[in-house]
Amino acid sequence: MAVLIKGGTVVNADRTFRADVLCEDGLVTAVGEGLDAPGGATVVDAGGQYVMPGGIDPHTHMQLPFMGTVASDDFYSGTAAGLAGGTTMIIDFVIPSPQTRILEAYQQWREWAEKSVADYSFHVAITWWDESVHADMGTLVENHGVNSFKHFMAYKNAIMCDDETLVNSFTRARELGAICTVHAENGDLVFRLQKDIYDKGITGPEGHPLSRPPEVEGEAANRAIRIAEVLKVPLYVVHNSCRQSLEAITRARNEGQRVFGEVLAGHLLVDDSVYRNTDFETAAAHVMSPPFRSAEHQAALWRGLQAGNLQTTATDHCCFCADQKAMGKDDFRNIPNGTGGVENRLEVLWEHGVRTGKLTMNEFVRVTSTNTAQIFNIYPRKGVVAVGADADIVVWDPEASKTISAKTHKQNVDYNIFEGMTVTGCASHTISNGKVVFANGELDVERGAGRYVDRPAYASYYEALQLKARYEEPVAVQR
Ligand code: URP
Ligand code: ZN
Ligand code: ZN
């Protein structure tokens with residue numbers, strides 16, 4: 001099976017150049033001008049279009065059991081929606097309930113994900129601690145291609161990870177050569193603020209952002225960063241929504257610490273006025289954590305992305321329909337937290353990043369694909385259009401326009417946080433594993449065609465950390 005992408009302009013993170021791209025048996029086998037199509041090849045006319053590595057969304061939650069319900073997009077519909085927007089890989093999360101063996105939870109998520117139509121991988125959350133967790137982390141890294149562990153510093157009495165568990169897990173990750181990731185919000189503070197706000201009679205969705213101010217996020221981000229600094233482990237802070245957490249990351253990076261930051265398309269483009277909408281359904285549809293913030297924070301996030309202190313963009317795709325959000329009709333604390341966007345991330349970032357001049361096209365590729373591939377150690381298999389890479393490619397029509405709507409999107413949810421936004425620049429074709437799976441608005445996907453992607457443990461981050469540690473080795477005082 002061969003696909004020749006003809007007449008386009010390749011945009012990688014490092015450069016832009018005119019070339020045809022030949023894909024055979026799932027891989028890119030030639031990149032160059034004037035390539036001939038082998039017999040039987042499908043030819044995609046990319047004239048006037050850009051040929052870029054498919055987007056990688058490093059933060060999704062397909063069919064996540066959460067807050068008494070299950071996220072409405074499953075691994076089939078969610079990965080298909082991603083392909084329709086040019087995203088060819090997701091990194092989802094295994095989230096074990098406390099006291100469940102993490103290896104058992106991992107197997108469960110692997111089973112759920114078998115229906116995926118695009119490639120996927122898993123971060124594994126550490127929600128509790130005992131010797132089995134210590135052992136299973138080793139098995140996951142050594143035998144199952146997991147190189148990242150997630151820690152929820154919020155969601156008290158559910159999946160929250162306390163500092164003791166954080167320290168145990170970070171220490172173990174360091175031994176294994178894995179990276180730690182955190183959802184940074186002080187869960188104890190959120191719990192207290194939620195109660196205070198609810199007791200004051202604020203029961204609607206407007207109570208959600210009031211209970212999760214930016215300081216709550218900044219404190220947790222800084223705490224995780226400092227713990228990671230002491231334990232000498234690389235850290236990735238997910239869904240930064242505010243100036244305070246960005247400042248903590250920037251400070252640490254300026255001090256030479258290996259810390260990475262992710263920002264969601266939603267946090268860049270949707271502001272906190274949505275929570276003051278008098279229609280419960282609309283306000284509740286936007287309830288996610290951390291919440292959408294004011295323009296001041298959005299501007300800071302854009303600057304962080306432009307400056308390189310935030311390296312990746314994601315969606316935290318975790319959809320709940322109106323009937324699920326209604327679980328919190330009388331108490332905002334019971335509104336399932338989460339919103340969608342896996343289908344729209346690339347187009348909204350092109351519209352508001354590239355078309356406004358905030359990002360170059362190469363920077364766009366870097367923050368939607370390449371940096372994630374590099375940080376999570378799957379580069380150059382993913383994240384670049386080059387010979388030998390997986391043939392996961394988006395052909396991007398910079399002239400095509402559309403207006404985003406829940407009425408027409410492919411995500412399995414009845415709301416779209418980008419509803420009504422007109423974008424110019426969209427995927428005309430998506431190639432996944434060497435096959436054209438999306439062309440001119442139509443999906444042609446095969447249930448189960450997505451593959452699990454192994455991510456090996458890190459050598460380079462740890463070599464650097466070890467060299468640094470050697471210089472800083474403590475010395476006993478001779479008495
Ligand atoms: O509100 C959110 N973000 N829901 C999904 C779980 C998480 O915190 O990432
Ligand atoms: Zn989170
Ligand atoms: Zn999440």
Side-chain angles (χ1 to χ4, degrees), residues 5 7-9 11 44-57 60 72-73 77-90 117-118 264-271 274 282 285-286 292 298 302 313-317 319 321 339-361 363-365 367-369 392-432 436-445:
I5 306 168
T9 299
V11 182
V44 173
D45 177 6
Q49 303 193 61
Y50 298 117
V51 180
M52 304 189 282
I56 307 172
D57 192 331
T60 66
S72 59
D73 248 329
S77 61
T79 50
L83 290 175
T87 286
T88 50
M89 181 178 170
I90 59 168
V117 300
L264 306 185
H267 281 134
L268 288 166
L269 297 171
V270 178
D271 71 46
V274 292
T282 304
H286 292 90
F292 297 115
Q298 293 181 293
W302 274 112
T313 59
T315 58
D316 197 0
H317 188 85
C319 295
C321 293
T339 56
V342 73
E343 185 174 347
N344 308 116
R345 179 178 60 122
L346 267 53
E347 57 207 19
V348 300
L349 288 171
W350 184 273
E351 175 68 28
H352 292 274
V354 177
R355 277 171 49 82
T356 59
K358 289 193 180 86
L359 300 173
T360 66
M361 292 194 297
E363 286 165 345
F364 170 85
V365 168
V367 301
T368 56
S369 181
D392 280 4
I393 292 171
V394 57
V395 181
W396 194 259
D397 184 348
E399 304 297 333
S401 263
K402 73 180 212 194
T403 300
I404 296 171
S405 174
K407 291 193 186 76
T408 50
H409 71 195
K410 303 211 168 5
Q411 301 170 141
N412 184 34
V413 62
D414 53 10
Y415 199 83
N416 191 310
I417 57 168
F418 305 114
E419 184 74 32
M421 185 186 286
T422 298
V423 291
T424 301
C426 315
S428 71
H429 296 76
T430 307
I431 289 100
S432 167
V436 179
V437 290
F438 177 75
N440 303 314
E442 295 300 324
L443 280 165
D444 180 12
V445 294

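Numbers here are sequence positions counted from 1.
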Review point. Of Val51, Val395, Asp392, which meets side-chain contact (heavy atoms from CB on, under 4.5 Å) against Ile431?
Key: Val395
Does any N or O in the side chain of [X] come within less than 3.5 Å of the main-chain N or O of [Y], such that one atom is a donor and the other an acceptor?
X	Y	answer
Ser369	Gly54	yes
Gln411	Val342	yes
Gln298	Leu268	yes
Glu363	Thr360	yes
Asp73	Asn412	yes
Thr368	Gly55	no

Review point. How are the rings of Phe292 and His286 set relative to one another: parallel (under 30°), tilted (30 to 60°) or perpendicular (over 60°)?
Key: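 Correct class here is perpendicular.
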Review point. With under 30° as parallel and over 60° as perpendicular, where do the rings of Tyr50 and Trp350 fit, or are they tilted in between?
Key: tilted
Review point. Would the number of heavy atoms belonging to other residues, nucleotides or ligands and lying under 6.0 Å from OH of Tyr415 be above 12?
Key: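 Yes, enclosed.
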Practice item. Would you kindly say whether His409 and Asn344 are connected by a side-chain donor-acceptor distance under 3.5 Å? Key: no
Exercise for review: Would you kindly say whether Thr313 and Arg345 are connected by a side-chain donor-acceptor distance under 3.5 Å?
Suggested key: yes
Review point. By ring-ring contact (aromatic ring centres under 6.0 Å, His included), which residues pair with His429, not counting sequence neighbours?
Key: none
Review point. Under the side-chain hydrogen bond (donor to acceptor under 3.5 Å, both in side chains) test, which residues partner Thr339, sequence neighbours left out?
Key: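 With sequence neighbours excluded, Thr339 shows a side-chain hydrogen bond (donor to acceptor under 3.5 Å, both in side chains) to no residue whatsoever.
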**Study point:** Residue pairs fulfilling salt bridge (charged side-chain N to carboxylate O under 4.0 Å, His left out) with at least one residue in residues 402-420, sequence neighbours excluded
**Key:**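 Pairs touching residues 402-420 that pass the test: Glu347-Lys402.
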